[in-house]
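All heavy atoms count here, side chains included; hydrogens, waters and symmetry mates do not.
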Amino acid sequence: MSDRHPHEHGPHGHGPHEHAPHGHAPGTPGLRHRLAHLLTPHSHETAGKLDPALESSVRGMRALWVSLAVLGATALAQAVVVAASGSVALLGDTVHNAADALTAVPLGIAFVLGRRAATRRFTYGYGRAEDLAGLVIVLTIAASAAFAAWAAVGRLLDPRPVAQVPAVALAALLGFAGNEWVARYRIRVGREIGSAALVADGLHARTDGFTSLAVLLGAGGSALGWHLADPLVGLAITAAIVLVLRDAAREVFRRVLDAVDPALVDRAEHAVRQVPGVRAVGELRLRWIGHRLRAELTVVVDGEATLRQAHAIAVETEHALLHAVPRLTAALVHADPAPLPGEADPHLALAHHATT
């Protein structure tokens, strides 16, 4: 702590803390709620164990490589059936699976970069590389949607029968099983470590699973002699990809713009108000850096408190936040003295720097 800025604090080297999980209200959800729960990311954050930065990145990397292997094998098996059958619905599903597997590459690079130490140029470290990876994933989903639409429209204009219908149906079931397993794994790990990019990637895989089931319907239509079933299912797959593109883009762009769940802000303010010596909570800001949170806040303390007393209150405030807010790694706490009657605003000298 410097003399010039006596109340600003960086991280104090606290170890990981345990946080009690919170859940939804009791009751049995309806079918619509369950489908929404499956297909969209939650805006709230699951309060789980606060993993150290290194452990979080290691778990993220493990999730990526395992899912890459599963989806790669699934796409390869489907590609063999596409070559034999000529199904554009299965082609769209295969391309989407391959694209989903390849999104592990930018995310893997982001996790590796996020483990690098901060420098004098990148003073917050490289955690925001995850947000860039999330943008790459969104673009990948958009590209796969465009390709699926192109293939389906082309087949509508030039309909032809699908060969090897039983093999297409089997490949569709394989695609669903592989994608759903990967989706559950990625979403679970992504929420546990706080990675919006990994959650978006899991949602991408989940949509692939449901589109694989659509391919199964197309195979059934082709078996009955309806040649338009295959390209129409291809268009349905495109629509499903667009829906998940919307959800994934919303989640990633919110993270890029430093959005956080308002419930986290409420939780942080409540924790700070319980700290002995804190009279009021001023401005409080939270931001994501990769899959970790940082906080900046102002607290009001007794104006007659000594410098050491004010520092102790600031340290205890950061400590309380580390316990209360999941995945928070550090808080910068500024202590303001409680104003006295007739006293000038101590920040008056900064007024002309304020933005409007």
Quiz item: Roughly how far, to the nearest 0.5 Å, is CZ of R294 from CG of L286?
Solution: 11.5 Å
Exercise. For D258, check salt bridge (Lys or Arg N to Asp or Glu O under 4.0 Å) against everything at least two apart and list the hits.
Key: R128, R287
Self-check item: Rounded distance [0.5 Å steps], CG in D131 versus CZ in F253
Solution: 11.0 Å
Practice problem: Starting at CZ of R273, measure out to OG1 of T317 and round the result to the nearest 0.5 Å. | Solution: 12.5 Å
Quiz prompt | Heavy-atom side-chain contact between L293 and V260 under 4.5 Å | solution = yes
Exercise. Could you tell me which residues satisfy side chain to side chain contact (heavy atoms under 4.5 Å, CB included) with A338, sequence neighbours excluded, listed by chain and number?
Key: R279, V300
Self-check item: Closest approach of L235 to A149 (non-hydrogen atoms, all atoms of both residues)
Solution: CD2-O, 4.4 Å
Practice problem: Check whether I137 and V242 end up in the same hydrophobic cluster, where Ile, Leu, Val, Met, Phe, Trp and Tyr are linked by side-chain heavy atoms less than 4.5 Å apart. | Solution: no
Quiz item: Could you state the interatomic distance from OG1 (T123) to CZ (R121), rounded to the nearest 0.5 Å?
Solution: 11.0 Å
Exercise. Please say whether more than 12 non-hydrogen atoms of neighbouring residues, nucleotides or ligands are located less than 6.0 Å from CD in Q274.
Key: yes
Quiz prompt | Value rounded to 0.5 Å, distance of CG in L328 from CG in L264 | solution = 9.5 Å
Quiz item: Listed by chain and number, what are the side chain to side chain contact (heavy atoms under 4.5 Å, CB included) partners of A79, not counting sequence neighbours?
Solution: T94
Quiz item: Distance from R255 atom CZ to I289 atom CD1, nearest 0.5 Å?
Solution: 11.0 Å
Self-check item: Test ring pair (Phe, Tyr, Trp, His ring centres under 6.0 Å) applied to Y185 - qualifying residues, sequence neighbours left out
Solution: W181
Exercise. Would you name the heavy atoms of A133 and P106 that are closest together and state the gap between them?
Key: CB-O, 3.7 Å
Exercise. With side chain to side chain contact (heavy atoms under 4.5 Å, CB included) as the test, would you mind laying out the steps for R116 and L113 before giving the verdict?
Key: CA-CA 5 Å; R116 297 180 62 181; L113 284 175; 3.8 Å; yes
Quiz item: Who pairs with A271 by side chain to side chain contact (heavy atoms under 4.5 Å, CB included), at least two apart in sequence or on another chain?
Solution: A324
Self-check item: Ionic contact status for R184 with E180, cut-off 4.0 Å
Solution: yes
Quiz item: F122: what forms a ring pair (Phe, Tyr, Trp, His ring centres under 6.0 Å) with it, not counting sequence neighbours?
Solution: Y126
Self-check item: Any side-chain heavy-atom pair of V272 and V299 under 4.5 Å
Solution: yes
Practice problem: Could you tell me which non-hydrogen atom of A268 sits nearest to which non-hydrogen atom of V325, and how far apart they are? | Solution: CB-CG2, 3.9 Å
Exercise. Using the test side chain to side chain contact (heavy atoms under 4.5 Å, CB included), find all partners of A312 that sit at least two apart in sequence or belong to another chain.
Key: none
Practice problem: Hydrophobic side-chain clustering at under 4.5 Å (ILVMFWY, transitive links): who's grouped with V80? Put none if nobody. | Solution: none
Quiz prompt | Residue pair V138 / A249: nearest heavy atoms and the distance that separates them | solution = CG2-CA, 3.8 Å
Side-chain donor-acceptor distances from residues 66-76 under 3.5 Å, at least two apart:
{"from": "S67", "atom 1": "OG", "to": "A63", "atom 2": "O", "distance (Å)": "2.7"}
{"from": "S67", "atom 1": "OG", "to": "L64", "atom 2": "O", "distance (Å)": "2.9"}
{"from": "S67", "atom 1": "OG", "to": "R186", "atom 2": "NE", "distance (Å)": "2.9"}
{"from": "S67", "atom 1": "OG", "to": "R186", "atom 2": "NH2", "distance (Å)": "3.1"}
{"from": "T74", "atom 1": "OG1", "to": "V70", "atom 2": "O", "distance (Å)": "2.9"}

Quiz item: Between A183 and G202, what is the shortest heavy-atom contact and its length?
Solution: CB-O, 3.3 Å
Quiz item: At their closest point, which heavy atom of G190 faces which heavy atom of V199, and how far apart are they?
Solution: C-CG2, 3.7 Å
Quiz item: Residues in salt bridge (Lys or Arg N to Asp or Glu O under 4.0 Å) with R285, at least two apart?
Solution: E283
